[in-house]
Number of protein chains: 4
Amino acid sequence: MASLQKTSARYQQQRQRAIEAAATVFADKGFHGASTQDIASQLGIQQGSLYYYIDSKEAALEEVCLMALRGYVAQMENIIGQTLSLEVKLANTIRAHLGSYREHNEAMKVHNEQRLYLPEQRRNQLKALGSRYRQLLENLFHEAVINGDLHPDLDCHFSARSLIGLCNYWGVMLLRDHKLQLEDISTKCLQQFLYGCTPHRNNS
Amino acid sequence: MASLQKTSARYQQQRQRAIEAAATVFADKGFHGASTQDIASQLGIQQGSLYYYIDSKEAALEEVCLMALRGYVAQMENIIGQTLSLEVKLANTIRAHLGSYREHNEAMKVHNEQRLYLPEQRRNQLKALGSRYRQLLENLFHEAVINGDLHPDLDCHFSARSLIGLCNYWGVMLLRDHKLQLEDISTKCLQQFLYGCTPHRNNS
Amino acid sequence: MASLQKTSARYQQQRQRAIEAAATVFADKGFHGASTQDIASQLGIQQGSLYYYIDSKEAALEEVCLMALRGYVAQMENIIGQTLSLEVKLANTIRAHLGSYREHNEAMKVHNEQRLYLPEQRRNQLKALGSRYRQLLENLFHEAVINGDLHPDLDCHFSARSLIGLCNYWGVMLLRDHKLQLEDISTKCLQQFLYGCTPHRNNS
Amino acid sequence: MASLQKTSARYQQQRQRAIEAAATVFADKGFHGASTQDIASQLGIQQGSLYYYIDSKEAALEEVCLMALRGYVAQMENIIGQTLSLEVKLANTIRAHLGSYREHNEAMKVHNEQRLYLPEQRRNQLKALGSRYRQLLENLFHEAVINGDLHPDLDCHFSARSLIGLCNYWGVMLLRDHKLQLEDISTKCLQQFLYGCTPHRNNS
DNA sequence: CATGAATGAGGATTCATTCAT
DNA sequence: AATGAATGAATCCTCATTCAT
């Protein structure tokens, strides 16, 4: 009859572990392909006990996605806020983006691939965070165009999304193939993104 | 089972429709989130009747993926085989890649997002076709490096995959947002990929 | 629109083949474990076509059982009617019983093992034939007791059923193991049944 | 799955009840004719709940058969091990065999009639137990032949199986007709088996 | 005669969720 | 704080049967 102390540090920590377990399982099997039994097993508890920490499977997916995006956006705000050259800022952004795939228990992958299985209502926060991220990136590009660091005719919206697409692609590759080096891929993504494939003077 | 002659044009056509219906449904709800009832409804037949045309839900996913990749690789082989400049070949490749998202009942999207839910054994053909595609693209890059059309230090493997990642990202966007123009996105992808975002002389 | 000539020799022959196919399949997989597809395959026709020859799966089972019992009882009447010693009559009975397992497409086995899956109503004829067979055998025993050929205290009902049980057991063995010799098993069954296992003078 | 502790007495007892319910239902309707709904109803639980106690319908059949054979073989070993006359040993064997039909929720009947619907792999234990039983019986006969208790030319293998066939036949009859008396049938089976039907001096 | 196509009901199995303890 | 037990709905798939052609 004691009221549940769901604010205790112990509870919060176990809850966090539950979300991470969900992230791992969802990343592997997909939201619908994963069972709450899978998540409980990953955590080392019984299936029924899982519901002490999550409200529903769907809520768990939402938490996983939020966990991924929150860290992601926070890093981005930090990077953008610093006084550094465009190239360095972009390098940091890309490394942060790719790096977050290897941390966070694959929550990033889950966000990218599974978030649309959430009902509209549950995606509100997620959409806001995602927009914020894209906006920060887009603004960075706008300023760079004005500064002359980027091509004057650049479609900043298109470019921001392209960078996201590129990073998401390689992020998943980093998860799938552990031989890939984060630093190496980050550098190449930056090069590819800034200068393309053709011979250019900037690098000569 | 031995003497079933499911080769009539009528049967083959209906079967094709079934695979397309599966593609549509899988693209929307994911493999595990979609039910065979969903597919049957999409086709306008009873759930049980669906099995007259497909062997299992899993087999349907395999067919969807194969349908996507076969067309895709065939186009690629055609494009590569022609005597055209690198830029035109790449432009054609990108347009074909993006275009195939808008045809094929979203089979491309399903291939990209759901194929890993197939058991190993069912992915053999798929893997072969996928490798073939990447290889064709990579070879195109190798030759272009030798010709001097691309940067001499280019990591062709990385670049080929980056192009695929970029196209897949925008392919899904084209599906999601019908206001996007295929031609416009294709051109921008080509520009981004070849020349990056920085100001460059090639295009000036 | 021509009325179906279900009395033609051609039809009757094909119908017979259908019942035999059903017998084979039912013997192997059991009534509920067998599908009409299995039967059609065995016959080399399409599943739908099967219904031209049988009214339902259940009706097919009834036919199979009847086919088995009719032959069985007819042989028995023939054997009993002859003027022969008890021992020879029994030998003939046993050989006929066991032999029918190797002919008749396993219909005997199906009758023994599957007939109870028929609804009461469909078992009427079957019961009559079965009772008739047991009665014939029992009468044979009664007479033999009176003649002094069999033990005066013999429970003829029990003995008749025991003989049936013994023959059914070995009948199935003959189906399962093709190395077993019909003649050999028949002789041993007769010996076992008449004289048991203990040393006796009759055979010395 | 790893940490499930389904070892509580409560669980084991309910599980046992589930297997017995399955035995009853399989005996009545056959393996393929019985539904898991039937078993669950027999147990008084929901269909889905049944799977908390069994892994699959097939596994349930295996358990039923094992349950039957285990008790059966254990009794047989006990009987054979005692120092008693052949006749008494056989009497005990037959009574045990027939008696087990009336206990064990008809598991013996299920074993005899349905075990072949199990896939090869699931029949391994079953085969071993069955062979063991037949072997024990056969050995008993071999010794009796040597002692002169049984006919010197006896085919012990044939006789052992015949006894099994006889007992199985009457075992099923005991299930079907509750008016039959176990003791009566046992005695008659022994008489029939040892001395056959002809007049003999041994018993006079 | 025979078939291809379709149906709809039934069946095994899984699973998110609940809840008493 | 956690679990074992149970539920009932959903889901994939099979199958007996029908019927137009």
Side-chain angles (χ1 to χ4, degrees), chain A residues 2 4-6 8 10-11 14 32-40 43-60, chain B residues 3-8 10-11 14 32-40 43-58 60, chain C residues 2 4-6 8 10-11 14 32-40 43-60, chain D residues 3-8 10-11 14 32-40 43-58 60:
Chain A
L4 293 175
Q5 302 192 317
K6 295 203 172 181
S8 75
R10 170 88 176 77
Y11 177 84
Q14 190 74 353
H32 288 112
S35 70
T36 54
Q37 174 62 63
D38 292 330
I39 302 174
L43 253 175
I45 64 175
Q46 293 306 111
Q47 191 188 14
S49 314
L50 187 63
Y51 282 78
Y52 188 65
Y53 298 104
I54 63 167
D55 288 338
S56 70
K57 195 180 156 188
E58 215 176 72
Chain B
S3 62
L4 281 184
Q5 296 280 350
K6 297 192 171 178
T7 48
S8 73
R10 166 95 175 71
Y11 178 85
Q14 189 74 356
H32 286 115
S35 71
T36 54
Q37 174 64 64
D38 293 332
I39 303 174
L43 254 175
I45 62 175
Q46 294 303 113
Q47 189 200 19
S49 310
L50 185 62
Y51 283 78
Y52 190 62
Y53 297 103
I54 64 166
D55 286 339
S56 69
K57 194 181 159 188
E58 217 177 69
Chain C
L4 293 174
Q5 302 192 317
K6 295 203 171 182
S8 76
R10 171 89 177 77
Y11 177 85
Q14 189 74 354
H32 288 112
S35 70
T36 54
Q37 174 63 64
D38 292 330
I39 302 174
L43 252 176
I45 63 175
Q46 292 306 111
Q47 192 188 14
S49 314
L50 187 63
Y51 281 78
Y52 187 65
Y53 299 105
I54 64 167
D55 288 338
S56 69
K57 196 180 156 189
E58 217 176 71
Chain D
S3 63
L4 281 184
Q5 294 280 351
K6 297 192 171 178
T7 48
S8 74
R10 166 96 174 70
Y11 177 85
Q14 189 76 355
H32 287 115
S35 71
T36 54
Q37 173 63 62
D38 293 330
I39 303 174
L43 253 175
I45 61 176
Q46 294 303 111
Q47 190 195 19
S49 311
L50 185 62
Y51 282 79
Y52 190 64
Y53 298 102
I54 65 165
D55 286 338
S56 68
K57 194 182 158 187
E58 216 178 72

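Below, chains carry the letters A, B, ... as their sequence lines are ordered, and counting in each starts from 1. Side chains are part of it too, since the values below use all heavy atoms of this structure and drop only hydrogens, waters and symmetry mates.
An OP1 or OP2 oxygen of E:dA16 is reached within less than 4.0 angstrom by a side-chain nitrogen or oxygen of A:Thr36. Proximity of C:Tyr51 to the phosphate of F:dT17: a side-chain N or O atom is located under 4.0 Å from OP1 or OP2. In this model, the phosphate group of F:dA16 is not approached by any side-chain N or O of C:Ser56 to a distance below 4.0 Å at OP1 or OP2. Phosphate proximity of F:dT3 to D:Ser8: absent, as no side-chain N or O sits under 4.0 Å from OP1 or OP2. At the phosphate of E:dC1, neither OP1 nor OP2 sits under 4.0 Å from any side-chain N or O atom of C:Tyr52.
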Kindly indicate, with the supporting measurements, whether the criterion side-chain contact (heavy atoms from CB on, under 4.5 Å) is fulfilled by D:Thr36 and D:Tyr51. CA-CA 9 Å; D:Thr36 54; D:Tyr51 282 79; 3.4 Å; yes
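Mapped onto DNA chain E by nearest heavy atom, B:Gln14 and A:Ala34 fall at different nucleotides, with B:Gln14 at the one closer to the 5' end. Closest-nucleotide positions on DNA chain F for B:Ile54 and D:Ile45 were compared, and the one nearer the 5' end corresponds to D:Ile45.
Considering all non-hydrogen atoms of both residues, B:Ala40 and B:Gln47 come closest at CB-CA, 3.6 Å. Considering all non-hydrogen atoms of both residues, A:Ala34 and A:Lys57 come closest at O-NZ, 2.8 Å. Residues D:Ala60 and D:Ile54 come closest through the heavy atom pair CB-CD1, 4.0 Å.
If you take CD1 of A:Ile39 and C1' of E:dA16, they are 10 Å apart, rounded to a whole angstrom. Taking atom CG of residue B:Asp38 and atom P of nucleotide F:dT11, one finds them 7 Å apart after rounding to whole Å. Nucleotide E:dG10 holds its P atom 15 Å from the NZ atom of D:Lys57, rounded to whole Å. Atom NE2 of C:His32 and atom P of E:dA12 are 12 Å apart (whole Å). F:dT11 atom C1' lies 13 Å from atom CG of B:Leu50, rounded to whole Å. For the pair A:Gln37 CD and F:dA5 P, the computed distance is 14 Å after rounding to whole Å. Here the P atom of nucleotide F:dA1 and the OH atom of A:Tyr11 are 9 Å apart, to the nearest Å.
Side-chain contact between B:Tyr53 and B:Leu43 is absent, with no heavy-atom pair separated by less than 4.5 Å. Considering only heavy atoms from C-beta on, C:Gln14 comes within 4.5 Å of C:Ile45 through its side chain.
Partners of B:Gln46 under the side-chain contact (heavy atoms from CB on, under 4.5 Å) rule, at least two apart in sequence or in another chain, are B:Ser49.
D:Tyr11 contributes a side-chain N or O that, together with a main-chain N or O of D:Tyr52, makes up a donor-acceptor pair within less than 3.5 Å.
Among E:dC1, E:dA16, E:dA5, the nucleotide with an atom closest to any side-chain atom of C:Tyr53 is E:dC1. Nearest nucleotide to the C:Arg10 side chain, out of E:dA16, E:dA2, E:dA12: E:dA2.
The terminal axes of the helix from E:dA2-F:dT21 to E:dT21-F:dA2, fitted over 5 pairs per end, subtend an angle of 10° to the nearest 10°.
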What's touching nucleotides 8-10 of chain F from the protein side, N or O pairs under 3.5 Å?
unit_1 : atom_1 : unit_2  : atom_2 : d
F:dG8  : OP2    : D:Gln46 : NE2    : 3.4

